[in-house]
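The structure appears right after this line, and notes come after that.
The model shown is predicted, which means the values in this text are computed figures rather than measured ones. All residue numbers in this chain count up from 1 along the given sequence.
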Amino acid sequence: MEVGKPFNVVRKVDYLDRPWLKNYPASTPRDVEVPVVPITQLIDESVKKYSERTALIFYGRKISYDELGKYIEKMASALHDLGIKKNSVVALYLPTCPQFIMSYYAVQKLGAIPTAVSFLFSPREVREQLKDSGAECIIMIDLLYNKVKPVINELGVGRVILTDITHFMPYLKKKLAVILRKTPVANIPKDEPVCFLEDLIGRDAVDYPKVDIDPKREIASIIYTSGTTGLPKGVSLTHYNIVACLEQVKAASGDAFEKSKYLLSYLPLFHIYGQNVIMTGGLAMGQTLIVILRPQYDELLRYIEKYRISLLFGVPALYRILIERMKAKKGGCDLSSLKLCACGSDYTPQKLKDEWKELTGVEITEGYGLTEAIPATGIPVGGEGKTGSIGYPLPSTLVAVADPERDEFVEVCELGELIVHGPQVMKGYWNSEKHPNPFARIAGKVWLRTGDMGRMDEYGYFYMVERKKDIIKYKGYTIIPGEVEEIIKEYEPVNEVAVIGVEAKEVELGQIVKAFIVLKDEHKEKTSKDDITNHCKDKLAAYKLPKEIEFIDELPKNALGKIVRKELRKDGNQ
């Protein structure tokens, strides 16, 4: 499939005419009104409105909205006393836990900027983010302090706040965790120049100067991502961006939030999905968050039953594993409470959607977005999807398809780069001068280039074909890795597969297709590379056939279960 070649142009349609609006259910507004307020105002309003309601449940320990509000104020007061001020950057090197939530909003109260560091990062990766963000303070669990202390000292991070991950667990569970050695005890010397979060929130809050925040201009959070152009970079999201995201998700969800009481907060809070949609979205709408430190999938199923979860946010890897667990239990799970199951972060195969619906009776609603612009497309509640489509733009959002190299639209139904315009689109990258410009100017508007190749049909449905950087060029032909992967997956012995392009020895060929394959255990000794090639021969054009095949034990994945192709490229091009 070539860029610029139409699929099936039926009639003249313009992106700016928003042809997708005809698909909107009657209950979904075309546009949303985005309050021009800082995020902390939304949290303050929830604390006041739902003061007696439980905000967080952490392994049985309940924290009310009133308690949460007081902890946030105490933490903000303490941070101010430590010299944190407006526009200071504070790194949160914490897993999914109450301490993350309290610290995040406390930092924002001061007009400072939180940047969440992946809990899975190595010291080298932690160093890169601390250095790039210019973090003046780091809040982290005590168990990791000695591991990253050299980095902290090297960069001169002036304030270090440690916390015990078990602090908010019920007393008996905390003691049991220590006795059974499920949670190691940190060894921090008494004279170490650090503060302890437990001490900071244990004292009375002292008044601190209230700051004025311009929601449309000032940054609420820096979230690091590989982004649309390669190396990790900080996505600068304003308060307005995040509030817009919440309004759009709420508008597309119908009455799902109103009818929901509990949300599972198990996705990493360093990721935009867990941080903005579940944490801030849930608390702003008065939900009770079931905060899960290390998600065990049987445990998630129990929580869905126990709390009668009606609204589930997940990623394809989660739904795939839950399906396996339910099959193993042979119908022993009561998931009848589920009403809306949303899925994002990665492409959701139709087979996965069909299996989930068969087991639960509920459709998986797939959405499309990226850290720089979440959400962008989806199917609002009551809307009708199309097989293979990522839906259509959500309220107050324009999506179009542009030439990957030039600032101009391609024709409707033609393949090009997906671009997004809307109030949820990031302000830009932190230290933007280091990075390529991610924006295009077309038809008098500024658009985010997503780096994703796709198309829009004449009815306004969008289809993502592949990441621009993942597309393979062989002798000038375009090869879509996803197409090759789907064919290989059809072969029974294959469990998982990822396809990349590697440089051919003959320069004039460009790239050749290399497939990394994980075989099912029972087929590992019986399946050869020739078997794979023979399976593909009559299903793919000759130039699309994998020229190199490598069997591996597992594919590299990130915290959300998404395949990390850049790791495969490192191996594939050696």
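In terms of the salt bridge (charged side-chain N to carboxylate O under 4.0 Å, His left out) criterion, residue partners of Lys70 (sequence neighbours excluded) are, by chain and number, Asp66. Every residue meeting the side chain to side chain contact (heavy atoms under 4.5 Å, CB included) condition with Asp470, not counting sequence neighbours, appears here in chain and number order: Glu466, Arg467, Pro481, Arg565, Arg569. Every residue two or more places apart in sequence or in another chain that forms a side chain to side chain contact (heavy atoms under 4.5 Å, CB included) with Arg308 is listed here: Asp334, Ser336, Ser337. Under the rule for a side chain to side chain donor-acceptor pair (under 3.5 Å), Asp214 has no partner lying at least two apart in sequence or in another chain. Under the side chain to side chain donor-acceptor pair (under 3.5 Å) criterion, Lys86 pairs with Glu218, not counting sequence neighbours. The side chain to side chain donor-acceptor pair (under 3.5 Å) test applied to Ser221 returns Gln275, not counting sequence neighbours. A search for ring-ring contact (aromatic ring centres under 6.0 Å, His included) contacts involving Tyr50 returns Tyr65, not counting sequence neighbours. Qualifying side chain to side chain contact (heavy atoms under 4.5 Å, CB included) partners for Thr28, counting only residues two or more places apart in sequence or in other chains: Tyr24, Pro25, Pro380, Pro395. Every residue meeting the ring-ring contact (aromatic ring centres under 6.0 Å, His included) condition with Tyr319, not counting sequence neighbours, appears here in chain and number order: Trp356.
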Original post:
Going through the checks in order, is the side chain to side chain contact (heavy atoms under 4.5 Å, CB included) test met by Ile141 and Leu94?
Top reply: CA-CA 6 Å; Ile141 66 168; Leu94 296 163; 3.6 Å; yes
**OP:** Give the C-alpha distance, both sets of side-chain angles, the deciding distance and a yes or no for side chain to side chain contact (heavy atoms under 4.5 Å, CB included) between Tyr266 and Thr96.
**Re:** CA-CA 7 Å; Tyr266 69 96; Thr96 303; over 6 Å; no
**OP:** With side chain to side chain contact (heavy atoms under 4.5 Å, CB included) as the test, would you mind laying out the steps for Ser253 and Leu311 before giving the verdict?
**Re:** CA-CA 9 Å; Ser253 301; Leu311 177 56; 5.5 Å; no
Subject >> Residues Gln296, Arg302; criterion side chain to side chain contact (heavy atoms under 4.5 Å, CB included); working and verdict >> reply: CA-CA 10 Å; Gln296 303 296 321; Arg302 286 198 303 272; over 6 Å; no
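Considering only heavy atoms from C-beta on, His167 stays 4.5 Å or farther from Pro98 through its side chain. The shortest distance between side-chain heavy atoms of Cys195 and Leu82 falls below 4.5 Å. At a threshold of 4.5 Å between non-hydrogen side-chain atoms, the residues Pro114 and Val90 do not count as touching. Considering only heavy atoms from C-beta on, Tyr104 comes within 4.5 Å of Met279 through its side chain. Between Ile161 and Phe196, every side-chain heavy-atom pair lies at or beyond the 4.5 Å cut-off. Residues Tyr93 and Leu130 have side chains not in contact (no heavy-atom distance under 4.5 Å, counting atoms from C-beta outward). Within the 4.5 Å cutoff, no side-chain heavy atoms of Gln424 are placed close to those of Asn276. In this structure, the side chains of Val34 and Ser396 stay at 4.5 Å or more apart for every pair of heavy atoms.
Considering CD1 of Ile364 and CG of Leu338, their distance stands at 10.5 Å, rounded to 0.5 Å. One distance of note links CD of Glu52 with CD of Glu67; it measures 9.5 Å at 0.5 Å rounding. Distance check: Arg294 CZ to Phe119 CZ gives 8.0 Å after rounding to the nearest 0.5 Å. In this structure, CE on Met464 lies 4.5 Å from CG on Asp452, to the nearest 0.5 angstrom. Within the model, atoms OG of Ser133 and NZ of Lys233 stand 15.5 Å from one another, a figure rounded to the nearest 0.5 Å. Note: Ile222 CD1 to Gln129 CD = 8.5 Å, rounded to the nearest 0.5 Å.
Between Ala112 and Ile84, the closest heavy-atom pair is CB-CG2, 3.8 Å. Residues Ile72 and Ala106 approach most closely at O-CB, 3.6 Å, considering heavy atoms. Residue Gly60 comes nearest to Pro170 through the heavy atom pair C-CG, 3.8 Å, listed as atom of the first residue, atom of the second, then distance. Considering every non-hydrogen atom in both Ala251 and Val32, the closest pair reads CB-CG1, 3.6 Å. Listed here is the closest heavy atom pair of Met426 and Pro438: CE-CG, 3.7 Å. Of all non-hydrogen atoms in Ile419 and Ala402, the two that sit nearest each other are CD1-CB, 3.8 Å.
No hydrogens or angles considered: a donor-acceptor pair under 3.5 Å links the side chains of Gln287 and Ser260. Judged purely by distance below 3.5 Å, without hydrogens or angles, the side chains of Glu45 and Gln41 pair a donor atom with an acceptor atom. Judged purely by distance below 3.5 Å, without hydrogens or angles, the side chains of Glu198 and Thr163 pair a donor atom with an acceptor atom. A donor and an acceptor atom, one from each side chain of Thr280 and Tyr105, are located under 3.5 Å apart.
A distance-only check finds no donor-acceptor pair linking the side chain of Ser27 to the backbone of Gly254 [under 3.5 Å]. Side chain of Arg325 to main chain of Leu301: no donor-acceptor pair is present (N/O by atom type, distance under 3.5 Å, no hydrogens or angles). Side-chain N or O atoms of Thr288 include one that pairs as donor or acceptor with a backbone N or O of Thr54 at under 3.5 Å.
A 6.0 Å sphere centred on CZ of Arg203 holds more than 12 heavy atoms belonging to other residues, nucleotides or ligands. In Lys147, the NZ atom is crowded: over 12 heavy atoms of neighbouring residues, nucleotides or ligands sit closer than 6.0 Å.
Put simply, the residue from Val425, Leu398, Val420, Val399 that forms a side chain to side chain contact (heavy atoms under 4.5 Å, CB included) with Trp447 is Leu398. Each of Leu197, Leu92, Asp164, Ile139 was evaluated against Gln99; a single residue qualifies, Leu197, per the side chain to side chain contact (heavy atoms under 4.5 Å, CB included) test.
For Lys210 and Tyr208, the positive end sits near the middle of the six-membered ring, less than 6.0 Å away and at most 45° from its axis.
Using cut-offs of 30° and 60° on the angle between ring planes, the pair Tyr303 and Tyr307 is tilted.
Between Lys250 and Glu247 there is a salt bridge, with a side-chain nitrogen of the basic residue lying less than 4.0 Å from a carboxylate oxygen of the acidic one. Using a 4.0 Å cut-off between charged side-chain N and carboxylate O, Asp255 and Lys339 make no salt bridge.
Here side-chain hydrogen bond (donor to acceptor under 3.5 Å, both in side chains) pairs that include residues 235-245, with residues two or more places apart or in two chains, are Thr238-Asn241. The stretch residues 66-91 participates, sequence neighbours left out, in these ring pair (Phe, Tyr, Trp, His ring centres under 6.0 Å) pairs: Tyr71-Phe168.
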Kindly list each side-chain donor-acceptor pair under 3.5 angstrom involving residues 185-192, sequence neighbours excluded, with atom names and distances?
residue	atom	partner	partner atom	Å
Glu192	OE2	Tyr145	OH	2.7
Glu192	OE2	Lys149	NZ	2.8

